[in-house]
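Heads up: the structure comes next, in structure tokens.
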Amino acid sequence: MAVAPKHSALDILRRLVPLNTLSDAGLEDLMGQAIFEKVKKGDHLFEKGDTDHFNVYLLNGRLSMLSNDREVDTVQAGSDTARFPIAHQVPRKYTVIAKTRAEIVRIDNRLLGELLAKTGNTDYEVSEVAGEEDDDWMSQLLNSPVFQQIPAANIQSVMMRMEGQEVAAGDVIINYGDEGDYFYLINKGRCSIQRPVDEQSDELIEIAQLGPGDSFGEEALLSGKPRSSTVAMLSDGMLLRLSKEDFVQFVKQPLAHSVSTEQALALAKKGAVLLDVRSSEEYEKHHLSGSVSLPFGSLRYQASSLDPDHQYIVYCNDGQQSATAAYLLTAQGFDVTVLEGGIIQADSELVDLVEEPEAPPVDDEQGDDTEKMVAFLKRELATAQDQVREQKQQIGNFKLAFDEAKELLGRHQQGEKAARQKIQQQQKLLVQQKSAMEQLQTDKDALEQQQAAIQAELAEAHAQSEEAERADQENQKQQEALNKALEESKTEQK
């Protein structure tokens, strides 16, 4: 595994979709957990049917997508296709292998969804609802995948109970934390969906924009919890609203398809996918075998990674949040049911469902005996396949954990190497400073010696000056004595 330098990694991530909608701060957060890898020709990136939670992007080289050992497509680095995650739907529809030596990056799609929600970058989502307005609200209602699945009599009841509400730009329709009272359908205009930055903050960030034909307000009505967002109008418009009581009676209850734990496991064996909408932390601690992690907060952003050809069984802790998740997925056209009671009830029921395999019954008739033996072997094979799938998932999780640990070790070693180099540079600088100090001391000693010599010479010169002055005074006295003697001699001659 190779770790890309920080400056180039950011540039790489900035070119990928939908990472290109993130802010620089969001990219920085994502880069801390991005896994850059070098793969050899023939290496398998993932297998058909895998349920891992990583988007894989091709950076260099060429990949091959296989279905039943037959190549159905190839992806070349640098192409437009390579800007998007490779065969991202879960469970995986294809096996992907490297046709050449290649470089890839794995991105945790749960973290990506959280960052998209946190930063409020929804350009790719807004474009889906930026079409022309349609004044026919009945057509808008009938075109909703949700209302297509409820009985015709219920739709008629909903239409009769819908109330029109004219709104103006800036109007706040619902407030974060309020009790849910109405479901809303946008007939005209656009609105902004906003949520607090965190639980302690009053600051709101936009997570989406909705337009004609879109709906909102159902989450609180489905879960019974307070409003999780604030909705404000961006333009003048017209809303249709349905009271909580009518929504529960005519929409929620007809859509509330739920299955028991035993039924869910039976459906999973037939190809249905267990979808865990709890937080990624809760999923890592404990989850149902073979389930896919897609946190509720990321649902609006990561639902496109699900394969619409599969049936999905959604579960949370107690079944409440999964009901909301099922509604949101149904609105996007997925076939969804809810695990009754959530994982808490499933854990208690699984204890009763686990039984020792029955021995094949003995029968006198060879035909019946053979059929029962085949049925027994099929049950044993299904159990073995479940165990293999679980072990494969565990191996994949271990490999990812190992790669992450290896990456952290590499970063630590790089940091340690940089620290050693810095210490060596500091030691070299200290040696240079010590040498300079010693040279300064030597120069100081030489200057002191020169100063002492000069002072000695000055003292000697001063002494010589005093001696000369005394000699001069003595000469002056002798001169004065001679002058006096000369004067006396001249006087005597006269």
May I ask you to decide if A468's main-chain N or O and D472's side chain share a donor-acceptor pair within less than 3.5 Å? no
Indicate the ring-plane relationship of Y312 and H310, choosing parallel, tilted or perpendicular according to the 30° and 60° boundaries. tilted
Between E219 and R195, is there a side-chain N and carboxylate O pair less than 4.0 Å apart? yes
Taking the side chain from D29 and the backbone from G26, do they hold a donor-acceptor pair closer than 3.5 Å? no
Does D307 reach the main-chain N or O of V90 with its side chain, forming a donor-acceptor pair under 3.5 Å? no
Is R14 salt-bridged to D11, going by a charged N under 4.0 Å from an acidic O? yes
Do any N or O atoms from the side chain of R83 and from the backbone of R15 form a donor-acceptor pair under 3.5 angstrom? yes
If I take atom CG from residue N20 and atom CG from residue L27, how far apart are they, to the nearest 0.5 angstrom? 9.0 Å
With a 4.0 Å cut-off, would you call R92 and D52 a salt bridge? yes
Name each donor-acceptor pair under 3.5 Å that joins a side chain in residues 67-76 to protein atoms two or more places apart or in another chain, with its distance.
{"residue": "E71", "atom": "OE2", "partner": "S64", "partner atom": "OG", "Å": "2.6"}
{"residue": "E71", "atom": "OE2", "partner": "K99", "partner atom": "NZ", "Å": "3.3"}
{"residue": "Q76", "atom": "NE2", "partner": "G61", "partner atom": "O", "Å": "3.4"}

For P91, does its backbone N or O pair with a side-chain atom of T51 as donor and acceptor, under 3.5 Å? no
Is it the case that the side chain of S435 and the backbone of Q432 share a donor-acceptor pair, with hydrogens and angles ignored and the cut-off at 3.5 Å? no
Geometric class of the F216/Y184 ring pair [parallel <30°, tilted 30-60°, perpendicular >60°]: parallel
For E281, does its backbone N or O pair with a side-chain atom of E284 as donor and acceptor, under 3.5 Å? no
Would you say D171's side chain and I173's backbone share a donor-acceptor pair under 3.5 angstrom? no
Between CG of D276 and CG of N317, what distance do you get to the nearest 0.5 Å? 8.0 Å
Residues two or more places apart in sequence or in another chain: which of them pass ring pair (Phe, Tyr, Trp, His ring centres under 6.0 Å) with F46? none
Do you know which two heavy atoms are closest between V338 and S322, and how far apart they sit? CG1-OG, 3.4 Å
Ignoring hydrogens and geometry, is there a side-chain-to-backbone donor-acceptor pair from T330 to A326 under 3.5 Å? yes
Is D214 salt-bridged to R190, cutoff N-O under 4.0 Å? no
Donor-acceptor pair between Q439 and T442 side chains, under 3.5 angstrom: no
Can you tell me if S293 and R110 form a side-chain donor-acceptor pair at under 3.5 Å? yes
Determine yes or no for a side-chain-to-main-chain donor-acceptor pair under 3.5 angstrom, with Y57 supplying the side chain and V17 the backbone. yes
Here's one to test your reading of the geometry: is the NZ or CZ of R227 within 45 degrees of the ring axis of Y176 and under 6.0 Å from its centre? no
Please evaluate residues Q209 and S192 with respect to the criterion side-chain hydrogen bond (donor to acceptor under 3.5 Å, both in side chains), reporting the C-alpha separation (whole Å), side-chain torsions for both, the decisive distance (0.1 Å), and the verdict. CA-CA 5 Å; Q209 289 185 15; S192 171; 5.7 Å; no
Can E487 and N483 be counted as having a side-chain donor-acceptor contact under 3.5 angstrom? no
May I ask you to check whether over 12 heavy atoms, not counting those of H286, lie within 6.0 Å of atom NE2? yes
